[in-house]
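Okay, structure first, notes after.
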Amino acid sequence: MKISEHIDIEELVPKDIFMSKGIECFDLIDYRIPLILERIRELCGNRPLIINNWLWGGKYQYRGYRPLDCTVGARNSMHKHGMAVDFDVRFQTAEETRKIILENESELMLLGLTRMERDVSWVHIDLKSTGLKHIKLFRP
C-alpha cells in the first residue's frame, strides 16, 4: 500500500503490525516522514531507499515504526512514536547521504527533520523537537 510515490507503508512498519492492522498502519507514522524520505530520495538522484524490506524477503522490519515493547534500539526511541526511520540509499554510503542532507538542511528542517545519528553505517533521521536551528547530530 502506497504511503507516498515511492514508499509503501510496509516499508515503515514491522510485518506483524502490518498483518494485524493493515490500512490502520498509516496512523502509526508521522505524516512528515514520507515527505522527508521522498525529498531525500530526490536529493540523492532518485536512488531507491532501503528501509524495511521484509515484504521482499529481506532482513529489515524495525527500521521505521517500532511497537512500545520492541527490544530493538533505545527504550525511548522516536521509532516508537512513528517519528524516526533508518534507511540506506542504494549505491551510496551513509556518510554521503548525511552530507547531502546537511547540504540541504534548511529545506529538510522545514519539512520537520530535526536530528540525525552520526558514526553509524546507516542513516537515522527523526523529528524529535530540539529547539535548534540546525539538524542535531548525535551518537547512538
Checklist outcome for this item: What one should report as the nearest heavy-atom pair of Ile100 and Cys44 is CD1-SG, 3.9 Å
Item to check | Results of side-chain hydrogen bond (donor to acceptor under 3.5 Å, both in side chains) for Thr130 - residues two or more places apart only | outcome: none
Next on the checklist: Taking side-chain contact (heavy atoms from CB on, under 4.5 Å) as the definition, give me every residue that meets it alongside Tyr31, ordered by chain and number, with sequence neighbours left out.
Outcome noted: Leu35
Next on the checklist: Once rounded to the nearest 0.5 Å, what's the spacing between atom CG of Leu113 and atom CE of Met83?
Outcome noted: 11.0 Å
Next on the checklist: How long is the straight-line distance from CE of Met116 back to CZ of Arg98, given to the nearest 0.5 Å?
Outcome noted: 7.0 Å
Checklist entry - What do the steps show when you test Leu108 against Leu43 for side-chain contact (heavy atoms from CB on, under 4.5 Å), and what is the final call? => result CA-CA 10 Å; Leu108 291 168; Leu43 293 168; 4.1 Å; yes
Next on the checklist: Return the CZ to CG distance between Arg39 and Leu111, rounded to the nearest 0.5 Å.
Outcome noted: 8.5 Å
Item to check | Smallest separation among heavy atoms of Thr114 and Ser129, with atom names | outcome: OG1-N, 4.5 Å
Next on the checklist: Applying salt bridge (Lys or Arg N to Asp or Glu O under 4.0 Å) as the test, list every pair that has at least one member in residues 75-87; sequence neighbours left out.
Outcome noted: Arg66-Asp86
Checklist entry - What about Trp122 and Leu12, same hydrophobic cluster or not, with Ile/Leu/Val/Met/Phe/Trp/Tyr joined at side-chain heavy-atom distances under 4.5 Å? => result no
Checklist entry - Same cluster for Ile29 and Val72 if Ile/Leu/Val/Met/Phe/Trp/Tyr side chains link at under 4.5 Å? => result no
Under 3.5 Å, which donor-acceptor pairs link side chains of residues 133-140 to any protein atom two or more places apart or in another chain?
residue: Arg139; atom: NE; partner: Asp119; partner atom: OD2; Å: 2.7
residue: Arg139; atom: NH2; partner: Asp119; partner atom: OD2; Å: 3.3

Next on the checklist: If hydrophobic clusters are built from ILVMFWY residues whose side chains come within less than 4.5 Å, do Met1 and Leu37 share one?
Outcome noted: yes
Checklist entry - Does anything in residues 78-107 pair up under ring pair (Phe, Tyr, Trp, His ring centres under 6.0 Å), and if so which pairs, sequence neighbours excluded? => result His79-His124
Next on the checklist: Closer than 3.5 angstrom, by distance alone: can the side chain of Glu96 be matched with the main-chain N or O of Thr93 as a donor-acceptor pair?
Outcome noted: yes
Item to check | CZ on Arg115 to CG on Asp126, rounded to 0.5 Å | outcome: 4.0 Å
Next on the checklist: Around atom CG of Leu132, are there more than 12 heavy atoms from other residues, nucleotides or ligands closer than 6.0 Å?
Outcome noted: yes
Checklist entry - Closest approach of Ile33 and Ala84, non-hydrogen atoms and distance? => result CD1-N, 3.9 Å
Checklist entry - Linking I/L/V/M/F/W/Y whenever any side-chain heavy atoms sit under 4.5 Å apart, do Met109 and Ile125 land together? => result yes
Item to check | Nearest heavy-atom neighbours spanning Arg90 and Arg47 | outcome: O-CD, 2.9 Å
Checklist entry - Does the Glu5 side chain pair with the main chain of Glu38, one donor and one acceptor, at a distance under 3.5 Å? => result no
Output side-chain donor-acceptor pairs under 3.5 Å for residues 49-57, partner residues at least two apart or in another chain, one line each.
residue: Asn52; atom: OD1; partner: Tyr62; partner atom: N; Å: 3.3
residue: Asn52; atom: OD1; partner: Arg63; partner atom: N; Å: 2.8
residue: Asn52; atom: ND2; partner: Glu11; partner atom: O; Å: 3.2
residue: Asn52; atom: ND2; partner: Val13; partner atom: O; Å: 3.3
residue: Asn52; atom: ND2; partner: Gln61; partner atom: O; Å: 3.2
residue: Asn53; atom: OD1; partner: Lys59; partner atom: N; Å: 3.1
residue: Asn53; atom: OD1; partner: Tyr60; partner atom: N; Å: 2.8
residue: Trp54; atom: NE1; partner: Glu10; partner atom: O; Å: 3.0
residue: Trp54; atom: NE1; partner: Val13; partner atom: O; Å: 2.9

Checklist entry - So, Lys99 and Glu103, do they make that salt bridge, N to O below 4.0 Å? => result yes
Next on the checklist: So which atom in Ile7 and which in Pro34 form the shortest heavy-atom distance, rounded to 0.1 Å?
Outcome noted: CD1-O, 4.3 Å
Item to check | Gap between atom CZ of Arg118 and atom CG of Leu102 - 0.5 Å precision | outcome: 11.0 Å
Item to check | Nearest atoms (heavy-atom pairs only) where Leu28 meets Lys21 | outcome: CD1-CD, 4.0 Å
Checklist entry - Rounded to the nearest 0.5 Å, what separation is found between the CZ atom of Phe26 and the CD1 atom of Ile9? => result 5.0 Å
